[in-house]
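Atom set for the values below is all heavy atoms of this structure, side chains included, hydrogens, waters and symmetry mates excluded. In each ligand, atom 1 is the first atom listed, and ligand 1 is the first ligand listed.
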Amino acid sequence: MTDQPTTTETTTDLELAHDWLERADSLFLTSGAGLTAAAGIDYGDTELFARHFPGMLQYGVRAQYEMIGRPPTDEALFWGYWANHVNLVRHTWDRAEPYDDLHRLAGTFDDDEVFVMTSNVDGFFERRGFDPARIHTPQGDYALMQCETPCTRDVWTWKDELDAMVDATDPATQRLRDPALVPRCPNCGGPVFMNVRKDASFIDDHWRPAADRMAAWLRERATGNGLIIEIGAGFNTPSVIRWPGEAITDRFEGWRLLRINPTHPDVPAELGERAHGVSTDAGAFLRTLAG
Ligand SMILES: [Zn+2]
């Protein structure tokens with residue numbers, strides 16, 4: 001125990017990450033909510049919430065995650081909240097250094113050597129310069145709307161309606177001043193919600209081409225030396241990002257998995273030295289890694 005190496009754990013992690021990046025002929029970037037949290041939007045952050053949604057505090061709501069799954073019992077409040085939530089996280093938030101760092105890392109590879117899969121519905125990868133044709137977002141996108149029923153498989157953008165709702169929101173109550181702005185399905189007149197996977201009503205037809213492109217890309221590169229860098233994907237919905245990354249690494253013998261996760265960095269023992277977990281702040285680690 002007296003001859004411990006003097007390098008810190010972080011230095012070792014970084015050396016390993018640099019080494020794996022140098023050896024890799026494919027880069028598969030996968031991420032969960034932890035990546036956007038590293039960009040400053042943490043759905044559990046009560047200070048962020050109080051700053052952006054002060055009108056919600058009187059209803060006993062303290063954080064963004066508490067609004068996930070809330071039923072629209074009061075539609076003027078429901079859309080007064082959601083329009084502003086989506087406006088903040090999908091359209092106006094402009095500090096996203098961890099995504100910029102990943103974009104720089106990806107820039108050291110050829111375009112066709114990189115693919116992205118994220119459970120985040122905030123569009124940050126595309127907004128920070130990644131090719132949308134090379135991004136798979138299996139959980140949907142806040143920028144799109146769908147019928148709740150759904151009566152049609154169509155999805156549509158709703159930025160103009162969102163802007164009008166944001167303008168009409170009373171910050172003291174978070175309610176829409178004009179209830180006529182509550183969005184409705186243009187086909188059946190029924191309730192709508194963003195095109196995000198929350199239950200069986202989720203429409204994913206338009207996401208399938210990206211899923212197919214990703215599957216084809218993985219098949220092409222299965223025998224190479226791919227590297228998966230997974231950031232901030234914990235156990236909320238592990239079947240979306242975390243477990244597929246482990247399964248791919250298990251199946252593709254030349255691939256490696258670098259998991260960056262401050263709370264759940266553990267990797268399956270059966271992956272041996274081809275998987276490594278880094279239990280550190282993703283933002284700081286990516287900043288140093290992208291150098
Ligand atoms: Zn409808």
>> As a test of understanding, state which of Thr280, Asp13, Leu14 forms a side-chain contact (heavy atoms from CB on, under 4.5 Å) with Thr288.
In response: Leu14
>> Is the positively charged end of Arg95 above the ring of Trp93, judged by distance under 6.0 angstrom from the centroid and angle within 45° of the axis?
In response: yes
>> salt bridge (charged side-chain N to carboxylate O under 4.0 Å, His left out) for Arg208 and Asp212? Distances and angles first, verdict last.
In response: CA-CA 6 Å; Arg208 284 183 198 151; Asp212 291 344; over 6 Å; no
> Protein N/O/S atoms under 2.8 Å of the Zn ion (ligand 1)?
Replying inline: Cys147 SG, Cys151 SG, Cys185 SG, Cys188 SG
>> Can you tell me how the ring of Phe115 sits relative to the ring of Phe28, calling it parallel under 30°, perpendicular over 60° and tilted otherwise?
In response: perpendicular
>> Quick one, Trp82 with Leu162, criterion side-chain contact (heavy atoms from CB on, under 4.5 Å). Give me CA distance, side-chain angles, the key distance, then yes/no.
In response: CA-CA 9 Å; Trp82 279 110; Leu162 177 148; over 6 Å; no
>> Determine whether Arg128 and Asp100 satisfy the following criterion, salt bridge (charged side-chain N to carboxylate O under 4.0 Å, His left out), listing intermediate values before the conclusion.
In response: CA-CA 6 Å; Arg128 308 313 280 204; Asp100 296 335; 2.9 Å; yes
